[in-house]
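To keep things clear, I will list the structure first and then write my remarks on it.
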Amino acid sequence: ETGVTQTPRHLVMGMTNKKSLKCEQHLGHNAMYWYKQSAKKPLELMFVYNFKEQTENNSVPSRFSPECPNSSHLFLHLHTLQPEDSALYLCASSQDQGDVETQYFGPGTRLLVL
Amino acid sequence: ELKVEQNPLFLSMQEGKNYTIYCNYSTTSDRLYWYRQDPGKSLESLFVLLSNGAVKQEGRLMASLDTKARLSTLHITAAVHDLSATYFCAVVASGTYKYIFGTGTRLKVLA
């Protein structure tokens, strides 16, 4: 595997379910990011981790819970989501936070909450 | 609060024509990025602009940055169908690690 991978690519869940999104980067980067992309809205930064430490939480509801066990892996745990949480969730990584080298994005997980 | 606005939101143009996409941001930023997203795909980095007056070119795309005007442009020269995609600009507010994205410009190049 190369670059940034995300699993699953598609997910349908009910509002009472608990699920997790996984992101893995194979680039040796130190920073990882979660974004939400909804139709007709700008890409929204959710969380930033640098060297496994959370450095940004962009006022995200607690039903989204991130986890970063090491610099290569990032999870987004989901529970009691709402239909308006349906979106494309993108993971990205970069060499360092705010590094000029730019972010590399994964293919995304398309989430549908019923 | 840092805001990033792009215009136009939608752009339909004929092959061979030139056009410019504009990206305005509301406060001081350390750097500005341009990305491309094809339908159903993820974002692909195009350019990173770091300083006032920076200009970068790749093929038919050229990006520039005016930090005094808080404006970046993405100029398309002699458009071809393969350039059809959504283009996003993004800035990082000075002193933070927050990437703020613009609304995107959906470009369609007609044959």
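The chains referred to below are lettered A, B, ... by the order of the sequence lines, with proteins before strands, and numbering in each begins at 1.
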Correct closest heavy-atom pair for P42(A) and G102(B) would be CB-O, 3.6 Å
Contacting moiety of L90(A), where chain B heavy atoms sit under 4.5 Å | side chain
For each of L9(B), L43(B), V4(B), tally heavy-atom pairs with chain A at distances under 4.5 Å, and name the one with the top tally.
-> L43(B)
L46(B) reachable from I100(B) in the ILVMFWY side-chain graph, under 4.5 Å edges | yes
Compute the ring centroids of Y35(A) and Y99(B), then answer whether they are less than 6.0 Å apart.
-> no
Say whether V48(B) and V92(B) are linked into one hydrophobic cluster, either directly or through other cluster members, by side-chain heavy-atom distances under 4.5 angstrom.
-> yes
Roughly how far apart are Y104(A) OH and E44(B) CD, rounded to 0.5 Å?
-> 10.5 Å
Count the heavy atoms of every other residue, nucleotide or ligand shown that sit under 6.0 Å from CD of Q82(A), and state whether that count exceeds 12.
-> yes
hydrophobic_cluster_shared for L78(A) and M15(A), side chain cutoff 4.5 Å = yes
Look at atom CZ of F75(A) and say whether more than 12 heavy atoms of other residues, nucleotides or ligands are closer to it than 6.0 Å.
-> yes
Name the region of Q37(B), side chain, backbone, both or neither, that has any atom closer than 4.5 Å to a heavy atom of chain A.
-> side chain
How far apart are the C-alpha atoms of F88(B) and Q37(A), what are their side-chain angles, what is the distance that settles it, and do they pass the side chain to side chain contact (heavy atoms under 4.5 Å, CB included) test?
-> CA-CA 12 Å; F88(B) 293 93; Q37(A) 186 175 32; 3.6 Å; yes
Would M13(B) end up clustered with V80(B) when hydrophobic side chains under 4.5 Å apart are linked, directly or stepwise?
-> yes
ILVMFWY cluster, L74(B) and F101(B) together (side-chain gap under 4.5 Å) | no
Quick one: which of Y35(B), Y33(B), W34(B) gives a side-chain hydrogen bond (donor to acceptor under 3.5 Å, both in side chains) with T102(A)?
-> Y35(B)
Kindly give the heavy-atom pair with the smallest separation between L45(A) and K98(B), and that separation in Å.
-> CD2-CA, 3.8 Å
On a heavy-atom basis, the closest approach of S42(B) and F105(A) is OG-CB, 3.1 Å
